[in-house]
K.L.:
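This is the structure I want to talk about, given as structure tokens.
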Protein chains: 2
Amino acid sequence: MAYSIGQVAQLTGLSTHTLRYYDKYGLLPKVQKNSAGLRRFTEDDLNLLNLIECLKSTGLKLKDIRHYIDLMQQGERTLSERYQIFLKQKQSLLLRQQELLRNMEKLDFKIRYYKTALKYGEANVYKKNKQLASDRARLFAKF
Amino acid sequence: MAYSIGQVAQLTGLSTHTLRYYDKYGLLPKVQKNSAGLRRFTEDDLNLLNLIECLKSTGLKLKDIRHYIDLMQQGERTLSERYQIFLKQKQSLLLRQQELLRNMEKLDFKIRYYKTALKYGEANVYKKNKQLASDRARLFAKF
DNA sequence: GATTAACTTAGAGCGAGCTTTAAGTCAAGA
DNA sequence: TCTTGACTTAAAGCTCGCTCTAAGTTAATC
């Protein structure tokens, strides 16, 4: 089963422009063209797009994704370099997770702040809510 | 206690260029200048930079951050709009958290894939490790 | 045969967020 | 007084990741 670029755009949420851009950039080395010169995407290409999306959203740049895809094309001898890329990427995702939790705390603080402010006015927030006063010091006075 | 732009750069990890850019862009409306025209940053300014960093890293654009800071300047009558911004931001962060976990699964899959491949060769991964075969279908064959 | 719609290419353009440049001011120390 | 170094400004330049344009091809339908 093969898909046209328009179908892939629908399936992935990427635009046809973006798909052509990725292809030209070297992210989709296996995409074939039919006799009319139209791209035919396979399931493997879709899985690769899925992975590209994952790598992109975990912070890898297109250039680095292209490097990884180049390595895949080179076969078994690049196995350990590819393995290292994912180990490193996992570490960076763990850091992001921690950062996300810290940011969640800050947003939660702001939400409690505004709840209190809506009740008592901004001038009275830290008088009315001592917990907020202490959380503020903990979360924002880092310098 | 006031800080020079260079000190703030050190404390925050932002460049002096970026700090001036933020100021000019309207993210730091309260930063004063001394008689020589040099910026003097207060603790409040540092806390605001901390918040800007948080909003930025949870996906808000500088334009939207500026809008929030404009609202702060307008006082109490914008309280509920500011509250809404944080409620919305919290929702978007929860979505990011889910996406992060999905991506973590995919990275873990790849790590297990390469561990197996390094042992048995890429040609044998799915023969040697049936769990990987099923995880692959689950994680990447979404289309 | 003409129209339509989906595709093709090369290449220009765009928005975000910095980053650098060029030219100048200022204050402290040798 | 001269130099040094940290600052100031306005504005140009840069990278990334698209996004759009212009001109053309192809295949199916009226």
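Every value quoted in this text rests on a predicted model; they were computed, and no experiment measured them.
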K.L.:
Have Asp135(A) and Gln131(A) got a donor and an acceptor in their side chains that come within less than 3.5 Å?
P.N.:
yes

K.L.:
Using whole Å, report how far CZ of Arg39(A) lies from C1' of dT25(D).
P.N.:
14 Å

K.L.:
I want to check one thing: is the phosphate of dC18(D), taken as OP1 and OP2, less than 4.0 Å away from some side-chain N or O of Ser15(A)?
P.N.:
no

K.L.:
Check the surroundings of atom CD in Gln10(B): do more than 12 heavy atoms from other residues, nucleotides or ligands lie under 6.0 Å from it?
P.N.:
no

K.L.:
CG of Asn34(A) versus C1' of dA27(D): gap in Å, rounded?
P.N.:
11 Å

K.L.:
Heavy-atom nearest nucleotide on DNA chain C for His17(B) versus Gly6(A): which residue maps closer to 5'?
P.N.:
Gly6(A)

K.L.:
Mind grabbing the angle between the end helix axes of the helix from dG1(C)-dC30(D) to dA30(C)-dT1(D)? Five pairs an end, 10° rounding.
P.N.:
20°

K.L.:
Whole Å only: how far is the CG atom of Asp23(A) from the P atom of dC7(C)?
P.N.:
14 Å

K.L.:
In whole angstrom, what separates Leu14(A)'s CG from dC18(D)'s P?
P.N.:
8 Å

K.L.:
Provide, to the nearest angstrom, the distance between the CG atom belonging to Leu38(A) and the C1' atom belonging to dA28(D).
P.N.:
13 Å

K.L.:
Could you tell me whether Arg40(B) sits above the aromatic face of Tyr3(B), with NZ or CZ closer than 6.0 angstrom to the six-membered ring centre and within 45 degrees of the axis?
P.N.:
no

K.L.:
When you compare the side chain of Met104(A) with that of Thr58(B), does any pair of heavy atoms fall below 4.5 Å?
P.N.:
no

K.L.:
Nearest-Å distance, OH (Tyr22(B)) to P (dT8(D))?
P.N.:
17 Å

K.L.:
Using whole Å, report how far CD1 of Ile5(A) lies from P of dC18(D).
P.N.:
14 Å

K.L.:
Does a side-chain heavy-atom distance below 4.5 Å link Gln73(A) with Lys30(A)?
P.N.:
yes

K.L.:
Between side-chain atoms of residues 113-123 of chain B and protein atoms elsewhere (two or more places apart, or another chain), which donor-acceptor pairs fall under 3.5 Å?
P.N.:
unit_1: Tyr113(B); atom_1: OH; unit_2: Glu122(B); atom_2: OE2; d: 2.7
unit_1: Tyr114(B); atom_1: OH; unit_2: Tyr68(A); atom_2: OH; d: 2.7
unit_1: Tyr114(B); atom_1: OH; unit_2: Arg82(A); atom_2: NH1; d: 3.2
unit_1: Thr116(B); atom_1: OG1; unit_2: Arg112(B); atom_2: O; d: 2.9
unit_1: Glu122(B); atom_1: OE1; unit_2: Arg82(A); atom_2: NH2; d: 3.0
unit_1: Glu122(B); atom_1: OE2; unit_2: Arg82(A); atom_2: NH1; d: 3.2

K.L.:
Indicate whether OP1 or OP2 belonging to dT19(C) is found under 4.0 Å from a side-chain N or O atom of Lys24(B).
P.N.:
no

K.L.:
Within less than 4.0 Å of OP1 or OP2 of dT19(C), is there a side-chain N or O belonging to Thr18(B)?
P.N.:
yes

K.L.:
I'd like to check Asn50(B) versus Lys106(A) (side-chain heavy atoms, cut-off strictly below 4.5 Å). Are they in contact?
P.N.:
yes

K.L.:
Rounded to whole Å, please give me the gap between CD1 in Ile52(B) and P in dC18(C).
P.N.:
11 Å

K.L.:
Could you check whether any side-chain heavy atom of Gln32(A) comes within less than 4.5 Å of a side-chain heavy atom of Phe41(A), counting everything from C-beta outward?
P.N.:
no

K.L.:
Considering only heavy atoms, which members of residues 56-66 of chain A lie under 4.0 Å from some atom of DNA chain D?
P.N.:
Lys56(A), Lys61(A), Leu62(A)

K.L.:
Have a look at Arg20(B) and say if it touches a base, only the backbone sugar-phosphate, or nothing, with a 4.0 Å heavy-atom cut-off.
P.N.:
base

K.L.:
Is Tyr21(A) near enough to dC16(D) that one of its side-chain N or O atoms lies under 4.0 angstrom from OP1 or OP2?
P.N.:
no

K.L.:
How would you label the contact of Thr16(B) with the nucleic acid (heavy atoms, under 4.0 Å): base, sugar-phosphate, or nothing?
P.N.:
nothing

K.L.:
Between Lys110(A) and Phe140(A), is NZ or CZ placed under 6.0 angstrom from the six-membered ring centre and within 45° of the ring axis?
P.N.:
yes

K.L.:
Any non-hydrogen side-chain atom of Val8(B) less than 4.5 Å from a side-chain atom of Leu14(B)?
P.N.:
no

